[in-house]
Amino acid sequence: DGGITQSPKYLFRKEGQNVTLSCEQNLNHDAMYWYRQDPGQGLRLIYYSQIVNDFQKGDIAEGYSVSREKKESFPLTVTSAQKNPTAFYLCASSQTEGLGQYFGPGTRLTVL
Amino acid sequence: RKEVEQDPGPFNVPEGATVAFNCTYSNSASQSFFWYRQDCRKEPKLLMSVYSSGNEDGRFTAQLNRASQYISLLIRDSKLSDSATYLCVVTNPGNQFYFGTGTSLTVIP
């Protein structure tokens, strides 16, 4: 089955710890994106990558880092510098301009 | 100014009703337009693309008005299963996606 996988579904961490969220796609899409969604709010773009080994900051990149070493993978690290890391994190991918994005099931991160 | 604005609702409608959502966007250079559906605590799923000529998919009709910079979604004969949050999405040159905050719909038996 083609799609986007994110793991884990739920993640708990202590304050001050870095944590890496996984995102893998087998859709052969060039572009990948990370969003954050807080309760009752819209999606906010953290980072995006249009091509391997290249990525751009989104609207709320502070406290986050990414890498794009392979087309299929776009992991997100939430660092201890992120002030309010508890949120629902969504990874998405897209192909050609004009086509929509497809989302993974998301990871709910809770920092205690 | 936000790239995309939507009425958050909530819209509470009886089964069988027709309901319409509107969304406005600020960048006249926006290129592609979509409606997504998001169920509670789930990821958004692509519902349909929106074309200038208007397009229909079963009970759902989407319209784009470039001159006024708004898009709309019409749902006819609402079902209980249509209850969800509907997100308006536009893309700008460079394929960056902008999401509205969503409009909540509850279909009541």
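Residue numbers start from 1 in every chain, and the chains themselves are labelled A, B, ... in the order their sequence lines are given, proteins ahead of strands.
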Run B:Phe97 and A:Tyr48 through side chain to side chain contact (heavy atoms under 4.5 Å, CB included) and show every step you take. CA-CA 10 Å; B:Phe97 288 70; A:Tyr48 65 102; over 6 Å; no
Please say yes or no: joined through hydrophobic side-chain contacts below 4.5 Å, possibly via intermediate residues, are [X] and [Y] part of one cluster?
| X | Y | value |
| --- | --- | --- |
| B:Phe33 | B:Leu46 | no |
| A:Tyr10 | A:Leu76 | no |
| B:Ile75 | B:Val89 | no |
| B:Met48 | B:Ile71 | yes |
| A:Tyr102 | B:Trp35 | no |

Of all heavy-atom pairs linking B:Gln38 and A:Phe88, the shortest is NE2-CE2, 4.4 Å
Heavy atoms of B:Pro44 and A:Leu90 approach each other most closely as CD-CD1, 3.8 Å
Checklist entry - Is the CD atom of A:Glu62 crowded by more than 12 outside heavy atoms at less than 6.0 Å? => result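 Open: at most 12 neighbouring heavy atoms sit under 6.0 Å from CD of A:Glu62.
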Chain B heavy atoms under 4.5 Å from [X]: which part of the residue, side chain, backbone, both or neither?
| X | answer |
| --- | --- |
| A:Gln56 | neither |
| A:Arg44 | neither |
| A:Gln6 | neither |

Quick check: B:Phe99 with A:Tyr35 (ring centres under 6.0 Å apart)? yes
*If you tally heavy-atom pairs under 4.5 Å against chain B, which of A:Pro39, A:Gly42, A:Gly106, A:Ala31 wins?*
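The option with the most such pairs is A:Gly42.
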- Item | Euclidean distance, A:Leu43 CG relative to B:Tyr36 OH, rounded to 0.5 Å |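 The distance works out to 10.0 Å.
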**Separation between CD of A:Gln101 and NZ of B:Lys45, rounded to the nearest 0.5 Å** =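 The CD atom of A:Gln101 sits 15.5 Å away from the NZ atom of B:Lys45.
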**Q.** B:Arg41 side chain near A:Arg108 side chain, heavy-atom distance below 4.5 Å
**A.** yes
- ring pair (Phe, Tyr, Trp, His ring centres under 6.0 Å) pairs, two or more places apart, involving residues 53-83 of chain B: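 Pairs touching residues 53-83 of chain B that pass the test: none.
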When the 4.5 angstrom heavy-atom criterion is applied to B:Thr101 and chain A, the contacting part is both
